Amino acid sequence: MNSERYNFKTVEPKWQKKWAENRIFSSKIDHSKEKFYCLEMFPYPSGKIHMGHVRNYTIGDVLSRYKTLKGFNVLHPMGWDAFGMPAENAARENNLDPKVWTNKNISTMKEQLKRLGLSIDWEREISTCSEEYYKHQQLFFLELFEKGLVYRKENYVNWDPVDQTVLANEQVIDGKGWRSGAVVERKKLNQWFFNISKFSQELLDGLDKLKQWPNKVKVMQKNWIGKSFGCEIAFKTEGDLPIEEIKCFTTRPDTLFGFSFLALSVDHEISKFYSEDLKFQEFKKECSKTGTTEEAIAIGEKIGFKTNLMAINPLNPSQKVPVFFANFVLMDYGFGAVFGCPAHDQRDYDFAKKYDLNIKTVVRPEEQDDKFIVGKEAYSGSGVIINSEFLNGLRVPEESIIKTIEILEEKNIGKKKINFRLKDWGVSRQRYWGCPIPVAYDENGSVTAIPKKDLPVKLPEKVDLNSKGNPLDFKEDWKNVIINGKKYTRETDTLDTFVCSSWYYLRFCSPQESEYGFKKEEIDYWMPVDQYIGGVEHAILHLLYSRFFMKAIGYKNHNFKFDEPFQGLFTQGMVCHETYKDKNNNWLSPDQIVSDGDKYYKKDEPDNIVKVGPSESMSKSKKNVIDPENIMNSYGADAVRLFILSDSPPEKDVQWSEQGMNASYKFLQKLWTLHNKIKVKIQNNFNLTGSEKNLENFTNQMISKITNNLENFSYNVIIANIYETYNFLNKEIEKEIDSKKLKENYIKILILFSPAIPHFSSECFEDLGYGDKVHWPIANLSFTNKDKIDYVIQINGKKRAILNDNRDIDQESLLLKIKSNKIVAKYIKDKSIDKIIFVKNRLINLLIHE
RNA sequence: GGGCGAGUGGCGGAAUUGGUAGACGCGUUGGUCUUAGGAACCAAUAGUGCAAGCUGUGAAGGUUCGAGUCCUUUCUCGCCUACCA
């Protein structure tokens with residue numbers, strides 16, 4: 001008997017080499033087959049892969065391998081999201097070229113991914129920092145520019161003083177830069193914008209078509225797009241400023257009779273009249289301070305600055321209310337002006353209380369009468385309009401809003417308006433390591449597109465990264481360009497890296513195509529992506545931008561067969577690990593600690609007791625990181641894959657455990673021992689004994705279980721199924737069993753195992769004398785239905801016994817049989833059976849009474 | 001404040017249409033073995049009870065022959081989002 005240990009160190013490289021040599025993952029159009037495009041979010045080449053990558057790509061690999069075995073023509077590519085600030089920062093620190101740094105990381109990470117045994121078509125590898133890639137991106141930019149979907153405007157931007165760059169609104173978290181954590185400042189700059197808001201409605205409607213997206217993500221995008229229905233109202237003003245009216249957007253025009261003040265953003269154009277006013281400047285400063293801190297938002301203190309203006313209620317011209325600047329009004333939503341109705345909006349209520357403004361109730365709850373008065377908080381629920389002259393009696397909100405708008409439109413006071421929260425996408429970045437924006441300016445500052453024949457606008461090499469701000473600004477020989485004999489200065493901003501990842505899924509379809517970003521024929525075959533897999537942190541940004549890009553490319557142009565790039569989306573959870581701190585509160589990594597089985601100590605310091613913190617997602621700052629490379633060295637790729645899939649459903653966070661990892665490793669050893677036992681049995685030529693029926697039943701049930709679980713992304717259950725199969729076979733193999741049947745079933749089982757542990761399965765397969773070409777087994781239903789059933793016997797709805805008997809027996813026979821059952825007899829003795837509930841092949845329930 | 005989701009053993013988690021709750025793994029306990037290994041193997045493991053049994057899926061009600069699953073109320077936790085007019 002071959003009792004050697006399973007040696008992943010020879011087996012895994014052997015198969016990886018074989019797969020590469022035979023190009024078994026290389027993909028091409030084949031119209032005779034149904035295609036399946038499986039895509040995982042491509043990594044940023046930061047240095048080495050981390051456990052999150054291992055999880056993400058293992059999930060994708062299981063799916064790809066399964067679909068391939070199912071007979072699909074699978075496209076499973078991989079590339080690199082290679083532009084971005086870390087490269088620039090690392091290059092600056094180490095005095096390197098970002099390109100060199102990035103390419104080195106790419107080659108390291110590529111080797112690591114290969115060691116995981118991923119079924120990737122490496123012939124399609126792309127890197128967004130390569131000229132071959134970004135030249136097409138520049139062409140797309142110019143196309144969108146021609147279509148009017150790209151424009152330039154001066155705008156307040158979020159300026160990250162540490163990274164010296166502009167951030168998109170989405171990249172500002174709690175008033176801080178998403179990467180640097182620095183408090184974001186406001187700065188006015190000329191910026192390039194993609195007109196994503198033009199597609200707000202389409203992007204919203206498209207969500208309904210995405211049946212295979214997690215609802216959570218769709219809700220997040222919906223909220224982000226933020227459609228609201230309301231009304232635009234122009235309020236006439238009186239005062240010593242040359243202002244006649246102020247426009248507001250409101251979703252509650254029906255509460256107009258409760259008008260009590262009008263509030264403006266400090267950036268509202270009216271603020272220009274106060275630019276000399278020191279008190280106003282002070283107020284403005286105060287606003288920018290409170291606007292960012294978390295406490296300020298939590299407390300939500302409303303502050304205002306009173307202007308000399310009064311606003312007139314258009315429905316009641318005798319009513320005049322004060323106009324304030326207020327800290328809670330945002331310039332970039334609506335018109336940067338709010339009509340305040342304190343009785344029915346908590347925020348307005350707080351403001352009115354603070355400045356002692358009138359609070360007039362105009363909506364009463366259904367169960368109250370017209371004397372209802374708003375008390376200690378605003379009433380924003382449903383009810384009936386009161387104290388509002390001709391609006392009185394309207395039901396809130398079903399008819400009041402729409403009726404009021406009709407009236408306002410009739411009186412020419414306001415008009416219906418749909419407002420979106422989604423803002424245009426600022427794509428300019430004052431950074432070197434990105435895709436150059438292919439435009440230039442003449443001496444007057446007018447924009448001209450770089451001629452398409454001159455693309456790509458290449459990033460200059462050997463720039464001085466130690467200069468402040470954008471190195472491209474100081475690269476004079478690159479900056480100055482002659483187009484058609486005329487002098488121009490190049491745009492020195494580069495594109496947000498989210499632009500690069502907005503179309504890479506198209507590039508994978510025809511990565512070598514040189515004329516254009518993609519070949520129509522190729523995307524017609526491969527697109528859309530059938531299954532996209534990645535972290536939920538991209539639920540809004542990347543996914544929304546990609547959806548926009550697809551629509552923008554298709555706008556007035558190509559006739560695509562699809563309008564959504566990602567048909568299926570799966571968001572996997574994070575990989576977590578316990579955190580450790582020593583007695584001095586310094587973070588410790590897992591390999592810095594030892595345990596005596598009870599407490600943890602710092603290695604080599606027995607008196608330094610380690611505090612174990614909660615399990616959190618692995619991060620360098622908390623040092624709770626496990627390096628996949630070390631783990632692969634110790635346990636091999638299959639064992640890692642097994643573990644990363646086993647402990648939690650893929651959409652939830654998983655807790656890394658050394659013991660669990662070790663168990664997966666040990667399991668493969670056990671499985672190898674079992675394999676060798678089976679091999680011996682197969683060679684011994686036993687004949688039919690009757691027990692093979694049991695094996696066939698099991699195998700066919702397992703085929704159907706694992707297939708189902710694969711279809712439902714229940715990958716953790718698949719691992720349980722693999723263990724279950726081991727447990728079953730390990731017992732069964734002790735019996736005498738027909739060799740032919742054993743082999744036939746075992747082969748099917750190995751195929752079931754192969755998406756999760758491909759090297760191991762291939763090795764066993766070959767060991768039995770089989771080649772590579774296999775198909776996913778189909779469950780034979782005549783076996784999945786067991787001959788014997790465990791019938792549940794209930795008395796008055798409570799389980800009292802189990803009876804194992806033939807399948808398909810009817811109620812009468814079953815009843816007859818259970819009556820002789822000791823336990824049942826005890827219960828029904830001296831009692832009458834009132835009713836029998838019989839579920840075929842499942843249970844019988846006897847209802848009895850005294 | 002708003003939105004979404006989840007509560008099942010010591011732990012991670014299983015459980016088609018309502019139909020044997022706790023699959024599978026970890027951990028723990030007991031045992032066997034000695035090529036002392038990253039051991040392996042066997043058995044037990046929701047609680048309680050000697051047992052038959054009783055109790056058990058955050059809590060309280062309800063529907064049903066039957067509820068982890070459906071309905072109502074409620075509590076707790078997690079995630080996302082935030083002055084959106």
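Remember, predicted model here, so these are calculated numbers, not experimental data. Each chain gets a letter, A, B and so on, in the order the sequences are listed, and its residues count up from 1.
The separation of B/U55 from B/U72, taken at their C1' atoms, amounts to 25 Å, rounded to a whole angstrom. The same atom, P, is picked in B/U32 and in B/C50; the two are 27 Å apart, to the nearest Å. For the P atoms, the distance linking B/U57 with B/A21 amounts to 12 Å, nearest Å. Using C1' as the reference atom, B/A59 and B/G49 are 27 Å apart when rounded to the nearest Å. Distance noted for atom P between B/C77 and B/G38: 45 Å (whole Å).
Following rounding to the nearest Å, A/N721 (CG) and B/G13 (P) show an atom-to-atom distance of 17 Å. Rounded to whole angstrom, the span from the CG atom of A/L645 across to the P atom of B/G13 amounts to 15 Å.
Within 4.0 Å of A/Q659, counting heavy atoms only, lie sugar-phosphate atoms of the nucleic acid but no base atom. Residue contacts for A/S664: at a heavy-atom cut-off of 4.0 Å it reaches no nucleic acid atom on any strand shown. Among the atoms of the strands shown, none is found under 4.0 Å from any heavy atom of A/V536. Counting non-hydrogen atoms under 4.0 angstrom, A/I802 reaches a base of the nucleic acid.
Under the stacking criterion of a centre-to-centre distance below 5.5 angstrom and an interplanar angle below 30°, A/Y665 sits stacked against the six-membered ring of B/G38.
Between A/D350 and A/Q346, the side chains place a donor N or O and an acceptor N or O closer than 3.5 Å (distance only, hydrogens not considered).
As the counterpart of B/C11, B/G25 is assigned, both hydrogen-bonding distances of the Watson-Crick or G-U wobble pattern falling under 3.5 Å.
Between A/F667 and A/Y665, a ring centre-to-centre spacing not shorter than 6.0 Å is recorded.
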